[in-house]
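Worth saying up front: this structure is predicted, and the values here are computed from it rather than measured.
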Amino acid sequence: MKSIIKNLVGLFLVIFLISCGGSSSVDPDPPDPTPVDENPLALTYPEDLAVTSPFAETTASASIVSSAKFVRSVSKDASDAFVPKPYEERKQEIRNILVGKSESDCAFSLTLFQNPPNVNCYGPVVKYDNYPGGGGGQLPIGDVGIWATYEIADDGAGALASTGEACAAAKMNSAVSYVSSKVDTATDMFAGMLCMANVDGDNELPEINATKDLKSSLEKVAADIGGLTISEATVSRLADTAEGYAVYLSHVSADVAMENGKSAVMDINLKHIPEDAENTAYKGKLWTTFKSENGDMSEQGTKQFASSVLYSKDSSGNLSYHIRSGDYDVMDVDPFDAKYNVDPSKKHANPTPDSEGWNANFQMGTFSIGADGTTSVSYSWQAGPADRATRTFIATSSGTLGTGYYGYGPDVVANDGAITGFYCHWAGEASAMSDEERAVVIKDIAQRQLMTFDASTGKFIHDNTDGPQFLYPPDTNCLGANNFTYYADYGAQGMIPVGVVSNDKREAGGNDLKLVDLSTVPAPPTAPADIE
């Protein structure tokens, strides 16, 4: 209460001086101390690394985001979908743990078992008739990209209704959440460990070639959360880089048991290289595995989830990171390459000589977050190792404006994050074609949705400046013929008509084809340089 009164008095004083034309030698908004100032161990940790979507829904105003102390949820409930937080909120949340002054401040969330929210507006079941060549049928979920302007959900009264959130934003949030839920658990465990060590007064950095055992500190936080058995928790200092920068390697291994019966063995590693005394410029890598003999790592029964996050922040405050993750149906696979990046070439369908690889849901993304808040993201995923193509989002945001582009890219092994075109009927001809045949069928177009941030709801909503940009007839050429008719089935309430296209309408300028030329899609951001 005293600090609140003090802050209010200071604010009134500043307003008084300004209104009277006066000035003060006291900075009315002094910068917060860095985490390193308050916790020396924060030098071993990337305090700005928050893996989240640029369109994540916020529940706080801009002023709160910049100044308030956020309250973390100490959640062990895996039944709820994981919803990522906006970057500034998540970054503040991490900082609060690092600078915590009590055991309760050091608590963190366990979100690794939570799954992404379902998105109904993206890739619904599409039923069609009068397909070129004859006949009707049904396209499977996910194969038609962005399909409705807004996300669609049950309105609580048994009917489908818009949530007000732009479809591109809803799908981007959901796609990223699968990885960010696991990464959040990993980074929060390190932050909680460093926080508790600082509270205990055990905050001296290790010397070169020395290891600091922080198991007892992490065990205190684990006891408050429950379900965690810590096997190892250390921070080591390795040899300096050629440039003379310190290199810190943190490691945590633990068993986690949830109240709903789910369990996993986690192995979390962080190599961090601060490039200045305040840790405002740095680079490094986080790599993790979560394993469950019972297949608890996803709704599909995944027995191992692996991820790697390569990151870099420069002296100007620009942050970039590159993430990879994969699902594995066996526990004894080594998912990494020699530098501990998740290796997309280790596929279940094409095993290396001594092991199999990922069997589902490989994800890859590069994020660039400017010091001014502008964001550029490329995010790709491949359902299975035999797909030979990825679904790809490229998203940009600046201030209250955002744009989402959707299309296809090459297999994850050759993927650089670019959208290389669009398959009008992926589940039809394209899925069975050779690479050479696909090169002819893929179109130099992409889906696009313009968005704007609505402060009243905390969501990105559709910007109708130039209308919808993603309606198209899902036939061979995205053109429609022979009165081709198609409908989207969004749920049990029945089919919602999406559009009818015919040659006559197309010639009259009424074609639903709204995809944008591929040349208008921005290039993906560049991943940071790898570290040894």
For [X], all residues meeting side-chain hydrogen bond (donor to acceptor under 3.5 Å, both in side chains), sequence neighbours excluded:
| X | result |
| --- | --- |
| Thr366 | His322 |
| Thr526 | none |
| Tyr406 | Tyr122 |

Please determine whether the number of non-hydrogen atoms from other residues, nucleotides or ligands lying under 6.0 Å from atom CZ of Phe82 exceeds 12. yes
Atom CG of residue position Asp240 - does it have more than 12 heavy atoms of other residues, nucleotides or ligands inside 6.0 Å?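 Result for CG/Asp240: enclosed.
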Check: [X] side chain, [Y] main-chain N or O, donor-acceptor pair, under 3.5 Å:
| X | Y | value |
| --- | --- | --- |
| Asn279 | Tyr45 | yes |
| Ser298 | Gln300 | yes |
| Lys291 | Met331 | yes |
| Thr185 | Thr111 | yes |
| Trp358 | Pro335 | no |
| Asn173 | Ala169 | yes |
| Arg391 | Gly142 | yes |
| Ser316 | Asn318 | no |
| Asn39 | Asn203 | no |
| Asn341 | Asp343 | no |

Kindly indicate, with the supporting measurements, whether the criterion side chain to side chain donor-acceptor pair (under 3.5 Å) is fulfilled by Asp454 and Ser456. CA-CA 5 Å; Asp454 181 1; Ser456 66; 2.7 Å; yes
Please confirm whether Lys182 makes a cation-pi placement over Phe305, using NZ or CZ under 6.0 Å from the six-membered ring centre and within 45° of the ring normal. yes
Run the side chain to side chain contact (heavy atoms under 4.5 Å, CB included) test against Thr241 and tell me which residues pass, sequence neighbours left out.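 So Thr241 forms a side chain to side chain contact (heavy atoms under 4.5 Å, CB included) with Glu243, Tyr245, Val247, Ile273.
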All side chain to side chain contact (heavy atoms under 4.5 Å, CB included) counterparts of Asn269, not counting sequence neighbours: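 Result, side chain to side chain contact (heavy atoms under 4.5 Å, CB included) vs Asn269: His251, Asp267, Trp287.
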Regarding [X] and [Y], does a basic nitrogen lie under 4.0 Å from an acidic carboxylate oxygen?
| X | Y | value |
| --- | --- | --- |
| Arg90 | Asp188 | yes |
| Lys212 | Glu204 | no |
| Glu38 | Arg95 | yes |
| Lys85 | Asp184 | no |

Using only heavy-atom distances, determine whether the side chains of [X] and [Y] contain a donor-acceptor pair under 3.5 Å.
| X | Y | answer |
| --- | --- | --- |
| Asn361 | Gln363 | yes |
| Gln114 | Ser181 | no |
| Thr234 | Ser236 | no |

Do Phe367 and Tyr321 have ring centroids that are under 6.0 Å from one another?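 For Tyr321 and Phe367, the ring centres are under 6.0 Å apart.
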Sequence neighbours excluded - salt bridge (charged side-chain N to carboxylate O under 4.0 Å, His left out) pairs with any residue from residues 521-532: Lys285-Asp530, Lys339-Glu532
Do Gln304 and Thr289 come within less than 4.5 Å of each other through their side chains, counting heavy atoms only? yes
